[in-house]
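Let me begin by presenting the structure, written as structure tokens, before commenting on it.
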Amino acid sequence: MKRRILTAVAAAALTLTATPAHAAPTTWKWGGIHSTDGWATAWGKITVGQSGHRISGNLDDSRGRTCSWLLIKSMSATNGRWRTHGIYNCVAGTGTFTKNLGGVLQIRAQVCRGTAKKPVNKCSKWKTIWTQGG
């Protein structure tokens, strides 16, 4: 009798904690991050699925004379190290982007102006756009 009860309790615990393989990914919107001169703006969403985190969105370059940059910093869930990714748009108007980040604990973003090679100036402050558990 005791054995049957323990088996039933263990089976119930497994069904409460197991996540189905077809679970829909979770999405958070972020945005409205502007360079200090207001000529560059980024916004988008973060999708968390079984393969990790994916950031996608828009990067707008209002003037087109220089380039708009979005810098993304992500803290690895495996080793705690920060990685930085740069996305730029040198054409007047709005461009789209998608970047797979894998498993991360936190994601920060900054919008700058710059050249086609690197961000140079007019950077916003770093903004936390996603953090695990909050």
Side-chain angles (χ1 to χ4, degrees):
M1 177 78 170
K2 278 187 180 181
R3 186 173 183 178
R4 278 190 235 166
I5 293 172
L6 288 175
T7 305
V9 170
L14 284 175
T15 57
L16 291 176
T17 58
T19 304
H22 61 280
T26 306
T27 302
W28 286 269
K29 291 184 179 180
W30 61 272
I33 303 174
H34 309 280
S35 61
T36 56
D37 63 3
W39 292 357
T41 304
W43 68 95
K45 64 183 179 179
I46 296 168
T47 306
V48 182
Q50 288 193 355
S51 60
H53 297 71
R54 172 183 288 163
I55 185 168
S56 59
N58 304 289
L59 180 58
D60 183 61
D61 183 34
S62 298
R63 300 288 178 161
R65 282 185 280 182
T66 59
C67 301
S68 296
W69 279 82
L70 171 64
L71 300 174
I72 301 165
K73 273 172 126 172
S74 59
M75 180 189 284
S76 170
T78 349
N79 59 19
R81 293 186 181 169
W82 287 96
R83 292 190 62 194
T84 303
H85 309 278
I87 298 163
Y88 64 95
N89 177 16
C90 296
V91 179
T94 304
T96 61
F97 66 89
T98 299
K99 180 76 180 161
N100 291 322
L101 301 175
V104 297
L105 299 174
Q106 189 175 79
I107 303 170
R108 295 179 181 171
Q110 181 182 47
V111 176
C112 301
R113 302 290 291 158
T115 66
K117 293 186 179 191
K118 64 181 180 176
V120 177
N121 57 17
K122 309 293 183 192
C123 294
S124 66
K125 292 182 179 181
W126 283 101
K127 181 177 179 182
T128 301
I129 58 174
W130 185 89
T131 187
Q132 183 172 347

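Atoms considered below: every heavy atom in the structure, side chains included; atoms not considered: hydrogens, waters and symmetry mates. Predicted model only: the values in this text are computed from it and were never measured. We count residues from 1, following the sequence as given.
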* Asked: Are the side chain of D37 and the backbone N or O of K122 linked by a donor-acceptor pair below 3.5 Å?
  -> no

* Heavy-atom closest pair, residues I129 and A109 -> CD1-CB, 4.0 Å

* F97-L71 co-clustered via ILVMFWY side chain contacts under 4.5 Å -> no

* With side chains defined as the heavy atoms from C-beta onward, is the minimum distance between W69 and V120 less than 4.5 Å? -> no

* Structure fact -> Here the gap from I87 atom CD1 to N58 atom CG, rounded to the nearest 0.5 Å, amounts to 11.0 Å

* Considering all heavy atoms of both residues, which atom of C123 and which atom of T36 are nearest to each other, and what is their separation? -> O-CG2, 3.2 Å

* To do: Please check if L70 and M75 belong to a single hydrophobic cluster, counting links between Ile, Leu, Val, Met, Phe, Trp and Tyr side chain heavy atoms closer than 4.5 Å.
  => no

* To do: State, yes or no, whether a side-chain contact exists between W130 and I55 at a heavy-atom distance under 4.5 Å.
  => no

* Which value, rounded to the nearest 0.5 Å, describes the distance between R108 atom CZ and I72 atom CD1? -> 14.0 Å

* Asked: Can you hop from I33 to Y88 via hydrophobic side chains spaced under 4.5 Å?
  -> no

* To do: Check whether NZ of the Lys or CZ of the Arg K73 lies under 6.0 Å from the centre of the six-membered ring of W126 and within 45 degrees of that ring's axis.
  => yes

* Is there a side chain to side chain contact (heavy atoms under 4.5 Å, CB included) between W82 and Q106 once you walk through the steps? -> CA-CA 9 Å; W82 287 96; Q106 189 175 79; 3.1 Å; yes

* Asked: Can any side-chain N or O of T98 pair as donor or acceptor with the backbone N or O of S56 at less than 3.5 Å?
  -> no

* Short question: side chain of N100, backbone of G102 - any donor-acceptor pair under 3.5 Å? -> no

* To do: Tell me, with the steps shown, if L101 and H85 meet side chain to side chain contact (heavy atoms under 4.5 Å, CB included).
  => CA-CA 9 Å; L101 301 175; H85 309 278; 3.6 Å; yes

* To do: Tell me whether I107 is reachable from W30 by hopping between hydrophobic residues (I, L, V, M, F, W, Y) whose side-chain heavy atoms are closer than 4.5 Å.
  => yes

* Could you state the interatomic distance from NE2 (H34) to NZ (K127), rounded to the nearest 0.5 Å? -> 8.5 Å

* Would you give the length of the straight line joining atom CG of N89 to atom OG1 of T41, rounded to the nearest 0.5 angstrom? => 11.0 Å

* Asked: What distance separates T115 OG1 from N121 CG, expressed to the nearest 0.5 Å?
  -> 10.0 Å

* Asked: Should W43 and D60 count as side-chain neighbours, where that means a heavy-atom distance under 4.5 Å?
  -> yes

* Structure fact -> Value for OG (S35) from CD (Q110), rounded to nearest 0.5 Å, stands at 10.5 Å

* Structure fact -> For T66 and G114 the tightest heavy-atom approach is CB-O, 3.4 Å

* **Side chain to side chain, R113 and S68, heavy atoms closer than 4.5 Å** => yes

* Asked: Are any of the side-chain heavy atoms of Q132 and V104 separated by less than 4.5 Å?
  -> no

* Contact summary for G38 and S62, nearest pair of heavy atoms -> O-OG, 4.3 Å

